[in-house]
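Notes follow the structure.
These numbers were taken from a predicted model, which means no experiment stands behind them. Position 1 is the first residue of the sequence, and the numbers go up from there.
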Amino acid sequence: MNPPDAEARTLARAFLEQTLSSEGNALMLEHATRDEVVRRLASARRVAHAAAAAPPDGDARPGAAVTSPPATVTRSEIAEAPDLEALAALVASCTRCTLHESRKNPVFGEGAGNARVVCVGEAPGKHEDDTGRPFVGRAGQLLDRLLMSIGLPRTSVYICNVLKSRPPRNRDPLPEEVAACAPYLLRQLALIEPEVIIAFGAFAARTLLETKAALGRLRGTVHRYSGYPVVATYHPAALLRNPGWIRPTWEDLQIVRRMLDGAGDREARSG
């Protein structure tokens, strides 16, 4: 076993190598939040432990594999994560799909751990991939204003996506990527226990509700995802392209407001 100081040096070296290996991540050393450092340290620890467990080059047997694929985070590990911080660390080291190979940063989610409302989008975009935060940029600013229109500051809700990594060129998520990330979303919801989920955008709504129905048909009704009430509405990025949809989106959010005020019990039961 390595002495503590040697192990600390190994971990620090792996942390720096991971941080500096992707373009733009050097800035993370200056502006990192505590959660970002925790996620990267957890990933670095996995790398360091895997390297320590590997046999020396001279010990490899003829015909034996020289390298092993990175360990995959299991469903049981996800389901047993005790809190959001531990779950975020699993996402940071996750290899359950190939998106970890092209992302700059995992985008786990952020907000109040006891939020009454969870906002779910489709997948991270470029700004999110650059920063590791969900719903930033112009779409994120519009989301903030929409939430404030029903009395919900961004800090009072929890915001995340179906996928925790950006698909290349912002393409639609693949079914296997959704399946790989679904356990993380379920565990996030189980830890937060929200009163209502807002699905922003057709893809998020169809994924959560397991339907191919158009968003227009899903709006205006309270649905269910894993027992949680779901209200579907337009994605803020779509509103930037189609300002005429802002009013219908505000009307959808009024359903959420009524549910939080207790006047939406009948609407929730109707779903």
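To the nearest 0.5 Å, atom CD of residue Glu128 and atom CG of residue Asn170 are 8.5 Å apart. Considering CZ of Arg217 and NZ of Lys212, their distance stands at 13.5 Å, rounded to 0.5 Å. Separating the OG atom in Ser226 from the CG atom in Leu186 is a distance of 5.0 Å, to the nearest 0.5 Å. Taking CG of Leu240 as the reference point, atom CH2 of Trp245 lies at 11.5 Å (rounded to 0.5 Å). Distance CG/Asn161 to SG/Cys181: 9.5 Å, rounded to 0.5 Å. Within the model, atoms CZ of Arg103 and OG1 of Thr98 stand 11.0 Å from one another, a figure rounded to the nearest 0.5 Å.
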Could you give me the CA-CA distance, side-chain angles and deciding distance for Leu189 and Tyr225, then say whether side chain to side chain contact (heavy atoms under 4.5 Å, CB included) is met? CA-CA 10 Å; Leu189 295 172; Tyr225 171 69; 3.6 Å; yes

As a quick check of understanding, evaluate side chain to side chain contact (heavy atoms under 4.5 Å, CB included) for Glu195 and Leu260, giving each step before the final call. CA-CA 7 Å; Glu195 295 177 34; Leu260 297 177; 3.8 Å; yes

I would like to know whether Leu147 and Val157 meet side chain to side chain contact (heavy atoms under 4.5 Å, CB included); could you show each step before the answer? CA-CA 9 Å; Leu147 292 173; Val157 305; 3.9 Å; yes

Could you walk me through whether Val117 and Tyr158 pass side chain to side chain contact (heavy atoms under 4.5 Å, CB included), step by step? CA-CA 6 Å; Val117 175; Tyr158 195 88; over 6 Å; no

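Scanning both residues, Tyr184 and Lys164, for their nearest heavy atoms gives CB-CE, 4.0 Å. In plain terms, the two heavy atoms of Cys160 and Gly109 that are nearest each other are CB-CA, 4.1 Å. Contact record, Met259 with Val231: SD-CG2, 4.2 Å, taken as the closest heavy-atom pair. Residues Leu143 and Pro236 share a closest heavy-atom pair of CB-CG, 3.9 Å. Across all non-hydrogen atoms, the minimal contact from Pro173 to Ala123 is CG-CB, 4.3 Å. When all heavy atoms of Ala179 and Arg96 are compared, the closest pair comes out as O-NH2, 4.2 Å.
Between Arg154 and Glu110 there is a salt bridge, since a side-chain N of the basic residue sits under 4.0 Å from a carboxylate O of the acidic one.
Asp83 contributes a side-chain N or O that, together with a main-chain N or O of Glu85, makes up a donor-acceptor pair within less than 3.5 Å. Judged purely by atom type and a 3.5 angstrom limit, Gln188 uses its side chain to pair as donor or acceptor with the backbone of Phe108. Proximity of a side-chain donor or acceptor of Tyr228 to a complementary backbone N or O of Pro194 within less than 3.5 Å is not detected. At distances below 3.5 Å, at least one donor-acceptor pair connects side-chain atoms of Ser156 with backbone N or O atoms of Pro153. At least one donor-acceptor pair under 3.5 Å links the side chain of His223 to the backbone N or O of Leu218. Glu80 contributes no side-chain N or O that, together with a main-chain N or O of Glu77, makes up a donor-acceptor pair within less than 3.5 Å. A side-chain donor-acceptor contact under 3.5 Å links Arg257 to the backbone of Ile150. No donor-acceptor pair closer than 3.5 Å links the side chain of Arg187 to the backbone N or O of Leu87.
By the rule that hydrophobic residues join a cluster once side-chain heavy atoms approach within less than 4.5 Å of another member, Val136 and Leu239 end up as members of separate clusters. Note: the hydrophobic cluster containing Trp250 does not contain Val222 (ILVMFWY, side chain heavy atoms under 4.5 Å, direct or indirect links). Under the 4.5 Å side-chain contact rule for hydrophobic residues, Phe203 and Val107 do not share a cluster. A continuous path of Ile, Leu, Val, Met, Phe, Trp and Tyr side chains, each step under 4.5 Å between heavy atoms, connects Leu90 with Val162, placing both in one hydrophobic cluster.
Within 6.0 Å of CD in Glu210 there are 12 or fewer heavy atoms belonging to other residues, nucleotides or ligands. Remark: Arg171 CZ is packed, more than 12 non-hydrogen atoms of other residues, nucleotides or ligands lying under 6.0 Å away.
Close placement of the Phe135 and His235 rings is indicated, their centers lying within 6.0 Å of each other.
Only one option out of Asp130, Thr131, Asp129 pairs with Lys104 in a side-chain hydrogen bond (donor to acceptor under 3.5 Å, both in side chains); it is Asp130.
The shortest side-chain heavy-atom distance between Pro229 and Arg224 falls under the 4.5 Å cut-off. Looking at heavy atoms from C-beta onward, Pro168 lies in side-chain contact with Leu99 at the 4.5 angstrom threshold. Counting heavy atoms from C-beta outward, Leu215 and Thr233 have side chains that stay 4.5 Å or more apart. In this structure, the side chains of Ile192 and Asn114 stay at 4.5 Å or more apart for every pair of heavy atoms.
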